[in-house]
Amino acid sequence: VRSVHGVSYRVEAGQTVGVVGESGCGKSVTALSVMRLIQTPPGRFAGGAIRYRGTDLLKLSEAEMRRIRGNRISMIFQEPMTSLNPVLTVGRQIAETVMLHQQVGRREALARATEMLRLVQIPEPQRRVNEYPHQLSGGMRQRVMIALALACNPEVLIADEPTTALDVTVQAQILDLLRRLQKEMNMSILFITHNLGVVAEIAHRVAVMYAGRVVEDAGVYDLFEKPTHPYTRGLLSCLPTAALLASGERLRAIPGNVPSVLSLPAGCTFAPRCELAADDCRAAVPELIAVQPEHRARCIKVKPI
């Protein structure tokens with residue numbers, strides 16, 4: 001089974017790239033592949049390259065990868081309660097990362113952990129550093145995950161749905177925090193989410209994924225102003241608007257379900273749900289073509305530049 005097919009995007013220094021799509025489209029698998037956290041076996045990298053500053057991460061030994069993972073490239077995982085160790089204090093968990101990568105003593109590492117908790121705006125960091133994950137709220141645990149990921153001043157941060165399951169107030173605080181830290185540290189962010197509102201607020205570029213492939217890739221303004229792929233247009237039409245709510249009409253929805261990777265349809269994987277689909281769409285998988293400078297889409301119906 002191929003969980004992702006030829007996914008390709010780039011993240012420039014100081015830039016945020018949003019990766020969006022429905023559950024099961026391959027967003028998290030792609031991120032785990034960048035970190036080389038896919039369990040092998042049974043998983044394997046069938047081809048391609050993952051380049052960080054020109055170095056192919058797939059060609060590094062595990063020891064070399066450990067020096068990059070959590071140090072130069074860090075990741076915020078989806079579920080802070082299951083990602084944090086429940087029997088260790090949050091301060092010790094942050095300190096372990098600092099001790100491993102920065103080669104400092106325990107006292108200095110704990111001081112760094114306290115400073116990181118202060119940086120992510122956790123109140124009373126001197127007390128919180130000695131608390132366990134279950135003693136913190138969901139928003140606090142998410143901030144601890146961010147502190148853990150940023151403890152070694154990474155150049156690239158992969159945020160896998162960091163605001164899911166948080167209320168909108170805490171979500172806004174987390175997004176503001178990431179924006180501020182990015183500006184201070186000139187950090188690149190790969191932001192994975194299914195929330196288009198969050199993408200519009202934080203991303204510079206957007207890659208839309210469907211059934212393991214990137215179907216559209218564009219700057220955030222282009223994507224929202226001129227969505228090209230039928231799937232992207234369908235996602236945007238599902239968003240509630242003031243006019244729609246005032247009219248009392250039902251929210252629109254894309255018919256059907258995301259296909260299973262075990263039995264993908266022939267040709268364009270979105271064809272069974274697409275109102276524009278024709279026989280040509282089922283003949284072969286469309287290429288990702290440029291429809292404008294810095295704007296690509298995977299659809300035979302669009303006109304290339």
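Within a 6.0 Å sphere centred on CZ of Phe45, heavy atoms belonging to other residues, nucleotides or ligands number more than 12. The neighbour count for Arg2 CZ, taken as heavy atoms of other residues, nucleotides or ligands under 6.0 Å away, does not exceed 12. Glu275 CD: 12 or fewer foreign heavy atoms inside a 6.0 Å radius. Other residues, nucleotides and ligands contribute only 12 or fewer heavy atoms inside 6.0 Å of the CD atom of Glu287. In Gln126, the CD atom is crowded: over 12 heavy atoms of neighbouring residues, nucleotides or ligands sit closer than 6.0 Å. Heavy-atom contacts from other residues, nucleotides or ligands closer than 6.0 Å to CD of Gln102 number more than 12. With a 6.0 Å radius and a threshold of 12 heavy atoms from other residues, nucleotides or ligands, Arg127 has its CZ atom above the threshold.
A salt bridge does not link Glu225 to Arg233: none of the charged nitrogens lies less than 4.0 Å from a carboxylate oxygen. A salt bridge links Glu155 with Arg53: the distance from a Lys NZ or Arg NE/NH1/NH2 to an Asp or Glu carboxylate oxygen falls below 4.0 Å.
Side-chain atoms of Thr232 never come within 3.5 Å of backbone atoms of Thr228 as a donor-acceptor pair (strictly under, hydrogens ignored). Although no hydrogens or angles enter the test, the distance criterion places a donor-acceptor pair under 3.5 Å between the side chain of Gln93 and the main chain of Leu88. Counting only distance, with no hydrogens or angles, the side chain of Arg282 and the backbone of Ala278 share a donor-acceptor pair below 3.5 Å. Between the side chain of Lys27 and the main chain of Val20, no donor-acceptor pair closer than 3.5 Å is present. At distances below 3.5 Å, at least one donor-acceptor pair connects side-chain atoms of Arg72 with backbone N or O atoms of Cys152. Remark: side-chain polar atoms of Ser74 are paired, donor with acceptor, to backbone N or O of Ala149 under 3.5 angstrom. Between the side chain of Gln135 and the backbone N or O of Tyr132, at least one donor-acceptor pair lies under 3.5 Å. Remark: the backbone N or O of Leu60 is paired with a side-chain donor or acceptor of Arg36 at under 3.5 angstrom.
Side-chain contact between Leu119 and Leu181 is present, with heavy atoms from C-beta onward closer than 4.5 Å. When side chains are defined from C-beta on, Cys238 counts as touching Ile254, because their heavy atoms get closer than 4.5 Å. Contact of the Arg128 side chain with the Leu136 side chain is registered, since non-hydrogen atoms from C-beta on lie closer than 4.5 Å. Residues Asn71 and Pro154 are not in side-chain contact: their nearest non-hydrogen atoms beyond the backbone lie 4.5 Å or more apart. Ile94 has its side chain out of reach of Thr114: every pair of non-hydrogen atoms, C-beta onward, lies at least 4.5 Å apart. For the pair Gln142 and Ile76, the minimum side-chain heavy-atom distance is below 4.5 Å. Residues Val215 and Phe270 have side chains not in contact (no heavy-atom distance under 4.5 Å, counting atoms from C-beta outward). Side-chain contact between Leu178 and Leu157 is present, with at least one heavy-atom pair separated by less than 4.5 Å.
At a threshold of 4.5 Å between side-chain heavy atoms, the hydrophobic network of Ile, Leu, Val, Met, Phe, Trp and Tyr places Tyr231 and Ile300 in two separate groups. Under the 4.5 Å side-chain heavy-atom criterion for Ile, Leu, Val, Met, Phe, Trp and Tyr, Val7 and Ile289 are members of distinct hydrophobic clusters. A continuous path of Ile, Leu, Val, Met, Phe, Trp and Tyr side chains, each step under 4.5 Å between heavy atoms, connects Ile38 with Ile50, placing both in one hydrophobic cluster.
Here side chain to side chain donor-acceptor pair (under 3.5 Å) pairs that include residues 186-200, with residues two or more places apart or in two chains, are Glu161-His194.
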Please assess Gln15 against Arg10 for the test side chain to side chain donor-acceptor pair (under 3.5 Å), listing each intermediate value before the final yes or no. CA-CA 10 Å; Gln15 186 184 64; Arg10 70 179 188 272; over 6 Å; no
Stepwise, does the side chain to side chain donor-acceptor pair (under 3.5 Å) test hold for Glu216 with Tyr210? CA-CA 9 Å; Glu216 190 158 3; Tyr210 184 81; over 6 Å; no
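Residue Arg67 is tested with Arg69, Met65, Glu64 for a side chain to side chain contact (heavy atoms under 4.5 Å, CB included); the sole match is Glu64.
With sequence neighbours excluded, the residues that form a salt bridge (charged side-chain N to carboxylate O under 4.0 Å, His left out) with Glu184 are Arg180.
Judged by distance alone, the side chains of Thr89 and Asn130 never bring a donor and an acceptor atom under 3.5 Å apart.
What you find for Lys226 and His295 is that their closest heavy atoms are O-CE1, 3.4 Å.
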